[in-house]
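Keep in mind that what you see is a predicted model, and the values were worked out from it rather than measured.
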Amino acid sequence: MAFARLNGVVLHHELRGAEGKPPLVFSNSLGTDFRIWDAVAERLQADYRIVLYDKRGHGLSESTPAPYKLADHVEDLTALLDHLGIDRAAVVGLSVGGLIAQGLAALHPEKVAVLVLCDTAHKIGTDAMWNDRIKAVTEKGIAAIAEAVMQRWFTPAYRSPENPDFVGYTAMLVRTDIDGYAGTCAALRDADLTESTRAIKQPTLLVVGDQDGSTPPDLVRSTAALIRGSEFRIIEGAGHLPNIEQPAAVADLIANFLKSVRYV
């Protein structure tokens, strides 16, 4: 485990793969830690220097009082890249991690060589939706919303108490720090990246699970339409976290896209 105090917060992070390979950074979703990328990273680490990290208020990273702004998460990642001596990287972001990736491309475009945006959008949800979510978790705890979240995260076939992985990922969500969860909900509520995303110049791939209940395919497709020259792919048999349900498909899409844009 590696920890560093950066941008005023202690961030948990990990490097995998061989030194000297092109850096590939993963930013994870709301209510998860970087272990959600394990199966994808395992398939890619022979060819890339993998950077995994827990955003503030998640996993083993420090939590600061809510609310957060998207820029807080963006600057945390920027500071981590500087700390690791990474000037420029391919960045993969899932859900709010995809917003962080878009924000990094907007605020620090020199840091981003290639973007892969998974199950995300330029704008996710409404003020009322996020305010209701914040109220629910601060008053009743994350367990109160867990069942509804799991329905959006995973396909019906995956959502079984007999599936130990499903039970484990439910525990990951429920054990997320309340300030980290509610604070990041506020960042999602306030983030509308429509115009800055329209200005993205980096090669960009957008992918989405065909059964995503949080950022459905049509929403992700609308974001792809903003980015000139971007590619859009739907992953069959997956919900909001295709990196968990279909890691081989996600890894193949990432690897093939990075090769197609000569990020080697």
Side-chain angles (χ1 to χ4, degrees), residues 22-30 37 40 44 47-51 55 69-71 73-78 81 86-126 187-212 214-236 238 240-243 246 249-264:
L24 179 57
V25 180
F26 290 86
S27 186
N28 46 287
S29 55
L30 176 67
W37 295 108
V40 173
L44 296 173
D47 297 316
Y48 298 96
R49 185 63 161 162
I50 305 292
V51 180
K55 62 185 168 292
K69 297 181 182 301
L70 185 67
H73 288 305
V74 171
E75 296 305 336
D76 290 349
L77 178 53
T78 303
L81 294 177
I86 296 173
D87 296 326
R88 199 161 181 257
V91 183
V92 181
L94 173 68
S95 194
V96 67
L99 283 164
I100 293 169
Q102 292 171 74
L104 183 66
L107 295 176
H108 302 284
E110 73 285 355
K111 291 284 190 188
V112 181
V114 184
L115 281 170
V116 179
L117 304 176
C118 303
D119 299 81
T120 191
H122 53 288
K123 171 67 176 171
I124 301 175
T126 64
L188 281 157
R189 177 194 64 201
D190 298 338
D192 184 343
L193 303 186
T194 305
E195 293 309 315
S196 60
T197 294
R198 197 191 306 275
I200 285 174
K201 298 294 192 296
Q202 292 89 345
T204 304
L205 169 68
L206 295 97
V207 303
V208 62
D210 65 334
Q211 299 173 58
D212 187 335
S214 293
T215 54
D218 283 348
L219 177 60
V220 180
R221 185 183 286 108
S222 74
T223 303
L226 294 175
I227 304 171
R228 181 174 297 180
S230 66
E231 297 185 20
F232 173 74
R233 299 287 185 270
I234 295 176
I235 298 174
E236 301 295 327
H240 189 54
L241 304 180
N243 49 323
Q246 302 294 341
V250 172
D252 286 347
L253 283 170
I254 293 171
N256 291 336
F257 183 69
L258 294 180
K259 289 175 184 176
S260 75
V261 299
R262 302 179 186 276
Y263 183 75
V264 294

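Using a 4.5 Å cut-off on side-chain heavy atoms (C-beta onward), I254 and V92 make contact. Side chains of V91 and L104 form a contact here, defined as non-hydrogen atoms less than 4.5 Å apart. Between V51 and I86 there is a side-chain heavy-atom pair separated by less than 4.5 Å. Looking only at side-chain heavy atoms (C-beta outward), L206 and S230 come within less than 4.5 Å of each other. Side chains of I50 and V25 form no contact here, defined as non-hydrogen atoms less than 4.5 Å apart. Side-chain contact between P109 and K201 is absent, with no heavy-atom pair separated by less than 4.5 Å. Side-chain contact check for E231 versus T204: every heavy-atom pair is 4.5 Å or farther apart. Side-chain atoms of R88 and K111, non-hydrogen and from C-beta on, never get closer than 4.5 Å to each other.
We find the CD1-SG distance between I235 and C118 to be 7.0 Å, quoted to the nearest 0.5 Å. Atom-to-atom distance recorded for K55:NZ and D76:CG is 11.0 Å, nearest 0.5 angstrom. Here the straight-line distance linking atom CD1 of I100 with atom CG of L94 works out to 10.5 Å at 0.5 Å rounding. Taken from CG in L107 to OG1 in T78, the straight-line distance is 7.5 Å, to the nearest 0.5 Å. Residue D212 holds its CG atom at 8.5 Å from CG of L219, rounded to the nearest 0.5 Å. With values rounded to the nearest 0.5 angstrom, T194 atom OG1 is found 9.0 Å from Q102 atom CD.
The two atoms that bring A90 and Y263 nearest to each other are N-OH, 3.2 Å, heavy atoms only. The heavy-atom pair separating T215 from T120 by the smallest distance is OG1-N, 3.6 Å. In plain terms, the two heavy atoms of L44 and A255 that are nearest each other are CD2-CB, 3.8 Å.
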Could you please spell out the steps behind the side chain to side chain contact (heavy atoms under 4.5 Å, CB included) verdict for L241 and D119? CA-CA 7 Å; L241 304 180; D119 299 81; over 6 Å; no
Kindly determine whether E236 and Q246 satisfy side chain to side chain contact (heavy atoms under 4.5 Å, CB included), including the steps that lead there. CA-CA 8 Å; E236 301 295 327; Q246 302 294 341; over 6 Å; no
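Between the side chains of E195 and H122, no donor N or O sits under 3.5 Å from an acceptor N or O. Between the side chains of S95 and H240, at least one donor N or O sits under 3.5 Å from an acceptor N or O.
Ring pair W37/F26 is tilted by interplanar angle, where 30° to 60° counts as tilted.
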